[in-house]
Amino acid sequence: MNAQTRYYPQTGETVDETVYPAAAVQLEYSQALGESDQLTGSVFVRGDSVDDERNLADIRELLWLHSGEAYQFRAGVGQVSWGVNELFKITDLINQKDRSELPFQRKLGQPLASLSFYVGEDLIELYTMHDVRTAWYPGEDGRLRYPILVDNDNEVYDCGKTNRWDFAGRWKTRLWDMDLALSHFYGMTRDPYFIFNYDFNNPYLIPVYEKVNQSSVEWQYAWNDLLLKAEYTYQTGSL
């Protein structure tokens, strides 16, 4: 459980509030279903006294895990962490970020199924995901928002050939003294662009989510007491 208050020394251009109290609670549950199966769950609830758009109840995780000798299968609502950088994980794009929690690195739960297995000492991860969790933007009384409000309820999807289904794969290996991972994601972007609704009496920005291909590489090397890390991604639009 936590409570917080955000304070701004000045009012905004369109907002008179300067104090934003909020409270949150997260409940976690884990239950073994035998030697090879496990059920895990996590629910997060937050209430903001000023910005109604920041009120949230989210299933962070509700997963069935089945583990074998050299593989693991997961299905349900889950969270996935990719990348080696602690602050800017540009390769970490399975989950939508909980942007109302920034600068903290929190994620929304993502409906998915995944299979992880070893080929020798190399780890292979395969994912299929259904739908994209839409990004959050402040409401009328929120702060740090665009001059024109974002319509969080009428987003547009350019779904591509696979409709609402997304796919991803990752290969992780150790080469000499380096940790190396290659991954590819084909699915709905987690960072939409905007179009104007052309209603000058009630103007809004409309988020547009499109299918993208993103290839990524992660690299980590330990040299004496120095740890070197790097990430690189290349993204293109796709039908």
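Just so you know, these numbers come straight off a predicted model, no measurement behind them. Scope of the values below: all heavy atoms of this structure, side chains included, with no hydrogens, waters or symmetry mates. This chain uses plain numbering: 1 for the first residue, then up along the sequence.
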ask   = Hey, do the aromatic rings of Phe185 and Tyr127 have their centres closer than 6.0 Å?
value = no
key: Heavy-atom pair with the smallest gap, counting every atom of Asp141 and Val15   = O-CG1, 3.7 Å
message = Both conditions, 6.0 Å and 45 degrees, for the charged tip of Arg143 above the ring of Tyr20: are they met here?
response = no
key: Transitive ILVMFWY side-chain link Ile206 to Leu149, under 4.5 Å   = no
request  = Keeping the roles fixed (side chain from Asn152, backbone from Trp136), state whether a donor-acceptor pair exists under 3.5 Å.
outcome  = no
request  = Return the minimal non-hydrogen interatomic distance between Ala22 and Asp48, and the atom names on each side.
outcome  = CB-OD2, 3.9 Å
task = Carefully, step by step, assess Arg164 and Tyr157 under the rule side-chain contact (heavy atoms from CB on, under 4.5 Å).
result = CA-CA 9 Å; Arg164 293 294 184 90; Tyr157 296 96; 3.3 Å; yes
query = For the side chain to side chain contact (heavy atoms under 4.5 Å, CB included) test, which of Gln105, Arg46, Lys107 pairs with Asp98?
reply = Arg46
query = Would a distance-only check, ignoring hydrogens and angles, find a side-chain to backbone donor-acceptor pair under 3.5 Å from Glu101 to Arg106?
reply = no
inquiry  = Let's go through Asp151 and Asn197 carefully: what are the C-alpha distance in whole Å and the side-chain angles of both, what is the deciding distance for side-chain contact (heavy atoms from CB on, under 4.5 Å) to 0.1 Å, and is it a yes or a no?
reply    = CA-CA 9 Å; Asp151 190 340; Asn197 69 346; over 6 Å; no
request  = Might you work through the salt bridge (Lys or Arg N to Asp or Glu O under 4.0 Å) test for Arg190 and Asp92, ending with a clear yes or no?
outcome  = CA-CA 10 Å; Arg190 273 51 178 163; Asp92 194 10; over 6 Å; no
Within one Ile-Leu-Val-Met-Phe-Trp-Tyr cluster: Leu123 and Trp171, side-chain cutoff 4.5 Å = no
From NE2 (His130) to CG (Leu112), nearest 0.5 Å = 12.5 Å
ask   = Can you tell me how far CD of Glu140 sits from CD of Glu53, rounded to the nearest 0.5 angstrom?
value = 10.0 Å
ask   = Looking at CZ of Phe167 and CG of Leu126, how far apart are the two atoms once the value is rounded to the nearest 0.5 Å?
value = 11.5 Å
key: Polar contact flag, side-chain donor to acceptor under 3.5 angstrom, Thr134-Gln96   = no
note = Sorted by chain and number, sequence neighbours left out, ring pair (Phe, Tyr, Trp, His ring centres under 6.0 Å) with Phe104 holds for none
inquiry  = Hydrophobic clusters here meaning ILVMFWY residues chained together by side-chain heavy-atom distances under 4.5 Å, can you tell me if Leu93 and Ile90 are in one?
reply    = no
key: Glu218 and Gln220 side chains, donor-acceptor separation under 3.5 Å   = no
inquiry  = Using 0.5 Å steps for rounding, measure from the CZ atom of Phe73 to the CG atom of Leu63.
reply    = 10.0 Å
request  = Please work out whether the ring planes of Tyr198 and Phe196 are parallel, tilted or perpendicular, with thresholds of 30° and 60°.
outcome  = perpendicular
request  = Compare every heavy atom of Ser216 with every heavy atom of Thr233, then report the nearest pair and how far apart it is.
outcome  = CG2-OG, 3.2 Å
query = Can you hop from Val19 to Leu144 via hydrophobic side chains spaced under 4.5 Å?
reply = no
query = Is there a donor-acceptor contact under 3.5 Å from the side chain of Arg99 to the main chain of Ala135?
reply = no
ask   = Has Arg60 got its NZ or CZ under 6.0 Å from the middle of the six-membered ring of Phe44, at an angle within 45 degrees of the ring axis?
value = yes
inquiry  = Which heavy atom of Ala181 sits nearest to which heavy atom of Arg170, and what is that distance?
reply    = CB-NH2, 3.8 Å
ask   = With distance as the sole test, does Asp166 use its side chain to make a donor-acceptor pair with the main-chain N or O of Met188 at under 3.5 Å?
value = yes
ask   = In terms of heavy-atom contacts, does CG of Leu205 have more than 12 from other residues, nucleotides or ligands at under 6.0 Å?
value = yes
CG-OG1 distance between Leu62 and Thr40, expressed to the nearest 0.5 angstrom = 7.5 Å
query = Do the rings of His66 and Tyr71 sit parallel, tilted or perpendicular, given the 30° and 60° boundaries?
reply = tilted
query = Between the side chains of Arg74 and Ser116, is a donor N or O closer than 3.5 angstrom to an acceptor N or O?
reply = no
ask   = Counting distance only, does the side-chain N/O of Gln110 pair as donor-acceptor with the main-chain N or O of Asp131 below 3.5 Å?
value = yes
inquiry  = Would you say OH of Tyr204 has more than 12 non-hydrogen atoms from neighbouring residues, nucleotides or ligands within 6.0 angstrom?
reply    = no
Greater than 12 external heavy atoms within 6.0 Å of Gln72's CD = yes
request  = Only counting residues at least two apart or in another chain, list the ones meeting ring pair (Phe, Tyr, Trp, His ring centres under 6.0 Å) with Tyr193.
outcome  = none
note = On a heavy-atom basis, the closest approach of Pro21 and Val50 is CD-CG2, 4.4 Å
inquiry  = Val80 vs Asn95, test: side-chain contact (heavy atoms from CB on, under 4.5 Å). Steps then yes/no.
reply    = CA-CA 7 Å; Val80 179; Asn95 293 86; 4.0 Å; yes
message = Which residue in the set Thr189, Thr162, Asn163 passes side-chain hydrogen bond (donor to acceptor under 3.5 Å, both in side chains) when paired with Lys211?
response = Thr162
task = Using atom types as modelled and distance alone, determine if a side-chain donor or acceptor of Trp165 lies under 3.5 Å from a backbone N or O of Thr128.
result = no
task = Keeping the roles fixed (side chain from Asp158, backbone from Val208), state whether a donor-acceptor pair exists under 3.5 Å.
result = no
key: Shortest non-hydrogen separation from Asp16 to Thr11 and the atoms involved   = O-CG2, 3.2 Å
